[in-house]
Q: 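Handing you this structure, nothing more for now.
Start at 1 and go down the list; that is how both ligands and their atoms are numbered. Positions are given from 1, in the same order as the sequence printed here.
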Amino acid sequence: MSSEDITIDRTAVAEIAPTNVEDSSMKAKATSLYDEIVKKNPFFAAGGGLMLLGSALAIARSAIKSGSAFAYRQLLIDLEIPSKDKSYLWFLQWVGKYPQRSSRQLSVETSFHQHDNGSVTTNFQFVPGPGRHLIKYKGAYMLIRRERSGKMVDMTNGSPFETVTLTTLYRDRHLFKDLLLEAKELATKQNEGKTVIYTSWGPEWRPFGQPKSKRLLNSVILDEGIAKTILNDVRDFMGNGNWYFDRGIPYRRGYLLHGPPGSGKTSFIQALAGHLDYNICILNLAEPNLTDDRLNHLMNHIPERSILLLEDVDAAFNKREQTKEKGFNSSGVTFSGLLNSLDGVTSSEETITFMTTNHPEKLDPAILRPGRIDFKQYIGNATLYQMEKMFMKFYPNEHEKCKEFIDYCKTVDKSKTISTAQLQGIFVMNKNDTNGAISMIKEVYRN
Ligand SMILES: *[C@@H]1O[C@H](CO)[C@@H](O)[C@H](O)[C@H]1NC(C)=O
Ligand SMILES: *[C@@H]1O[C@H](CO)[C@@H](O)[C@H](O)[C@H]1NC(C)=O
Ligand SMILES: *[C@@H]1O[C@H](CO)[C@@H](O)[C@H](O)[C@H]1NC(C)=O
Ligand SMILES: *[C@@H]1O[C@H](CO)[C@@H](O)[C@H](O)[C@H]1NC(C)=O
Ligand SMILES: *[C@@H]1O[C@H](CO)[C@@H](O)[C@H](O)[C@H]1NC(C)=O
């Protein structure tokens, strides 16, 4: 066997050797030919010079090219704003309001604005579409390039990924910051007096609809003193940042509002956010797609000046562990996932977390540790105090009817209560008609 192998190898070597010899002899022939033609023929010698000149020119050209790229790099400066960045929307809004120089490609953004009287006006804002645009900002020209990046699509809202690139002279680079600050100011001015409500879109927070007009704190009627107690507690917390920092305690406070549905827990928190000039991030823990990872990520990326509202916090208490398979049967947030997220928030800003539940009896005592829930408040069905206040809010001049109404309510069995939402529904149905409202409430109590 082995001897056969060797012989085969030897023949292979023998086969290769002659071609090698031929090759080198061909090379020798070609060299002598070249010598003969080039050295003895003046035309070919000149051609060689031309070739040299040509390559020299090519080198020079590429030098100019790279030189201009160098000059571009030295003289001009680019700023890229990807659509993922917060300032992207601010910038588009700003530039839509800015006098345009040479925009031939516009794109429209339609927005609705609701007035306090309830009427809605439609605004069309023209913003630079994909393409190139030139603006003059504080005496400096800026080239705006808005580009869609290929087939990439932002999975969270289906819009294509875009970038806006601003180009200006290097010496004017400080204007970028001015411009972005101006754009941010414009955006915040538009939201002044409004509460932005954020909801989760995949792993990030997105404004939910247009910013809402602030809700007045006294538009939500809780039982006597409760609103004031909570407000004072939040104010006290917000004014004591240094106390927490000095002691190395995470600067956060958790509130739990519990009670039957329709008692105004969420409405009150929204009104409180508006009163404190905060925005609000709402997350429903019962949402089936919410996983521990997403919850953790969301809680660590809360937009600035926002109150976090976790609704149906008891939803996490039925499950101690999350099924590993996500997708078809993702089972929501687990108890340990919630605790980790609450403990793990590492924001330098104050973190105010409100939680609501209809089933406080399902809560595990572990959540009542300081830092998780520091303040617990029952928000129940309408009390006599709330009924009177609400009646007077809907029928401001009907003092006698109010007395009649309250006198009736006092006679009702104390175990029978109705929610403030139901009470408000009855008042709304009988806008003018106090008698209608009273008889409707009597009917509710009778059943
Ligand atoms: C509502 O208010 C806006 C501006 O404040 C006004 O333009 C509009 O006409 C009003 N609509 C009604 C129905 O009063
Ligand atoms: C939950 O996830 C599934 C599949 O991943 C998706 O089809 C569905 O729209 C999601 N539901 C919500 C409320 O996000
Ligand atoms: C998830 O899976 C469990 C059993 O593994 C099943 O009982 C439950 O109905 C499923 N939930 C959903 C929403 O598919
Ligand atoms: C609250 O009122 C609703 C009716 O509006 C009633 O069904 C419910 O039982 C009441 N809950 C409590 C705790 O009294
Ligand atoms: C309220 O009552 C007045 C007269 O009593 C009537 O003119 C008005 O249309 C009523 N409004 C509503 C909303 O029912």
Q: Compute the centroid of each ring, for Phe245 and then for Tyr251, and state whether the two points are separated by less than 6.0 Å.
A: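 So the answer is yes for these two rings.
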Q: Would you say Asn381 and Ser419 are linked by a side-chain donor-acceptor pair, where the criterion is simply a distance under 3.5 Å?
A: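 The answer is no; no qualifying pair exists.
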Q: Between Thr167 and Asp78, is the side-chain hydrogen bond (donor to acceptor under 3.5 Å, both in side chains) condition met? List the steps.
A: CA-CA 4 Å; Thr167 306; Asp78 288 338; 2.7 Å; yes
Q: What's the separation between atom CZ in Phe354 and atom CD in Gln377, rounded to the nearest 0.5 Å?
A: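 One gets 10.5 Å once the value is rounded to the nearest 0.5 Å.
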Q: Hey, would you say the Trp94 and Tyr137 ring centroids sit under 6.0 Å apart?
A: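 Yes, they do, as the ring centres are separated by less than 6.0 Å.
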Q: Residues two or more places apart in sequence or in another chain: which of them pass side-chain hydrogen bond (donor to acceptor under 3.5 Å, both in side chains) with Asp246?
A: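 If we apply the side-chain hydrogen bond (donor to acceptor under 3.5 Å, both in side chains) test to Asp246, skipping adjacent residues, there are no hits.
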Q: Using a strict cut-off of under 4.0 Å between a residue heavy atom and any atom of ligand 4, list the qualifying protein residues by chain and number.
A: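 Those residues closer than 4.0 Å to ligand 4 by some heavy atom are Asn381, Thr417, Ile418, Ser419, Gln422.
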